Amino acid sequence: MIKSFISRVFGRGAKQAAHPSKPVVYGPDKHHIRKDHISRGARKTCEELQRAGHTAYVVGGAVRDLLLGMRPKDFDVATSAHPDEVRSLFRRSRIIGRRFQIVHVMWGAETVEVSTYRAHFTAKDPESEDDRDTQDAHGRVLSDNVFGTQAEDAVRRDFTVNALFYDPVKEEVWDFQHGVKDLIARKLVMIGDPALRYREDPVRMLRAARLSAKLGLAIDPRTAAPIKELKHLLENVPQARLFEEILKMLLSGNAVACVQRLRELELHHGLLPLLDDALEDPATGPFAMAALKATDDRLREDKPVSPAFLLAALLWGRVERRWHELEEKGQPSMPSLHSAMHDALDAQRGSLAIPRRFDATMKELWLLQPRFLQRGGTRPFRLLEHPRFRAAYDFFELRARSGNAPLEVGQWWERFQDASGEERERMLHPDEGGKKKRRRRRGGKRPPGEGGSPEEVAPGADE
Ligand code: ATP
Ligand code: MG
């Protein structure tokens, strides 16, 4: 439907430019983006810059998303004005970055990122001394802060569909790289020589997977071809940037599709053991997949999602395997679980480091899992009162639904949460019609399952 809409709108009279420095300009009658589709901040930023004699456009992902009828996450602006000129035009603005400067312009709660047109850094001989400070030994570009023309700014972007400009004053779309044609054909095409562009920035391989999944575009065969041979270059990318990109995928609302693309491109193996392991383990793979799907569903319904929950789900396979290994060696259950958690996190830090800010939540989710199996005495009530009960229950429930925990226990908890006091008593003591009174545990006697065996404790079996 989108395709026919775009072809209908763009199809007539839109001649593609013969040369990349001459754009095809689509007037307001040739597309459906109106200035009120643009955020107030981005629109005012462009207007102000143009009034001061500069050129200024909304650029990149936002234009692409609007042409596809999707709601953009944010609006970026590209301009001919230099950072200090931008800064002097807007009272509430600040220059960010040292080597590559951009300007943040604030409008109420909105921050618009304004970048000056940049020229594409042409990777030269990676062995050459001259290029050492601007690219690493594999061709990865370390600095590219050269101002350029608007046409050059289009060329330095990654995919043709990401190189479109929109002028919110004239309501025109400016296309230097056949981005519109590729959107109509639903193709993701790398600008320039794909192998060279991946060498400059290996993260573009992951972006190809993520954007093709998000936008429903096929990766053009020439764009996909070099990935298998160059995927090892991701090892040179700083961990923080890699993690950021993986998190973007997982929280994109299309995590399942992203993972599928990563598999097709063979990018999930080795380099991203988190996904590799999580999805291929027969015991916990279906659970990991269910967690990805649940995250996609929640995002679609505009519900909040927690990255720590998803990461805990992806690592659960490792934790659980190690936990049982240690138990089989004769270690008590809870200390085994503690060691297993630390081992899993340590192993993960050796590959793709998960920032430590997620540790506490992940550990809590894992540690609460065995407690769902303990349904005797006062323990279900104590678990219910735990501040992380909701997340831990969601985690357990997903496990139960994907064959990683007893389904019946998951269903029991679902009922128990909403049950009345009387019903709860009946559920805890099914054989006695719920008559047995709850007694508080006193003194040093440990109930089974707490620091003992994590095995199922039948309702009513305690005390
Ligand atoms: P989304 O916002 O949906 O994640 P996006 O394409 O807008 O996708 P951003 O990271 O916001 O992604 O980047 C904004 C724009 O900057 C892109 O559209 C693209 O033009 C350019 N860009 C981003 N990353 C790269 C890159 N690694 N190489 C070249 N250009 C890039
Ligand atoms: Mg964006």
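Please read all numbers here as calculations on a predicted model, not as lab measurements. Just so you know, ligand 1 is whichever comes first in the structure, and atom 1 is the first atom listed for that ligand. What's counted below: heavy atoms across the whole structure, side chains too, no hydrogens, waters or symmetry copies.
- The shortest contact between atom 21 (C) of ligand 1 and any protein heavy atom is with Arg157 NH1, 3.6 Å.
- Among all protein heavy atoms, the one lying closest to atom 4 (O) of ligand 1 is Arg210 NH1, 2.8 Å.
- Of the listed options Val59, Asp76, Asp158, Asp158 places a heavy atom closest to atom 29 (C) of ligand 1.
- Counting only N and O atoms by type, the side chains of Tyr57 and Thr79 include no donor and acceptor under 3.5 Å apart.
- The shortest side-chain heavy-atom distance between Val173 and Val24 does not fall under the 4.5 Å cut-off.
- At least one N or O atom of Arg204 sits closer than 3.5 Å to an N or O atom of ligand 1.
- Taking the six-membered ring for Trp and the full ring otherwise, Trp412 and Phe372 have centroids separated by 6.0 Å or more.
- Just one of Ile102, Val114, Val86 meets the side-chain contact (heavy atoms from CB on, under 4.5 Å) condition when paired with Val77; it is Val114.
- The closest side-chain donor-acceptor pair between Gln177 and Arg157, if any, does not fall under 3.5 angstrom.
- When only interatomic distances are considered, the shortest N/O to N/O separation between Arg207 and ligand 1 falls below 3.5 Å.
- Between Arg118 and Glu152, every side-chain heavy-atom pair lies at or beyond the 4.5 Å cut-off.
- Atom 7 (O) of ligand 1 has Gly61 CA, 3.3 Å as its closest protein atom, hydrogens excluded (heavy atom only).
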Practice task
Verify salt bridge (Lys or Arg N to Asp or Glu O under 4.0 Å) between Glu364 and Arg388, making sure each step is shown before the conclusion.
Solution key: CA-CA 8 Å; Glu364 232 171 352; Arg388 288 262 181 232; 2.9 Å; yes
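- At least one heavy atom of Arg64 sits closer than 4.0 Å to an atom of ligand 1.
- Among all non-hydrogen protein atoms, the one lying nearest atom 3 (O) of ligand 1 is Lys214 NZ, 2.6 Å.
- Here the protein heavy atom with the shortest distance to atom 2 (O) of ligand 1 is Lys73 NZ, 3.3 Å.
- Using a 4.0 Å cut-off to heavy atoms of Lys248, the atoms of ligand 1 that qualify are 10 (O).
- Ala56 approaches Pro168 most closely through the heavy-atom pair O-CD, 4.5 Å.
- Remark: minimum distance from atom 27 (N) of ligand 1 to any protein heavy atom is reached at Asp201 OD2, 2.8 Å.
- Taking only nitrogen or oxygen atoms, main chain and side chain alike, Gly60 does not reach within less than 3.5 Å of ligand 1.
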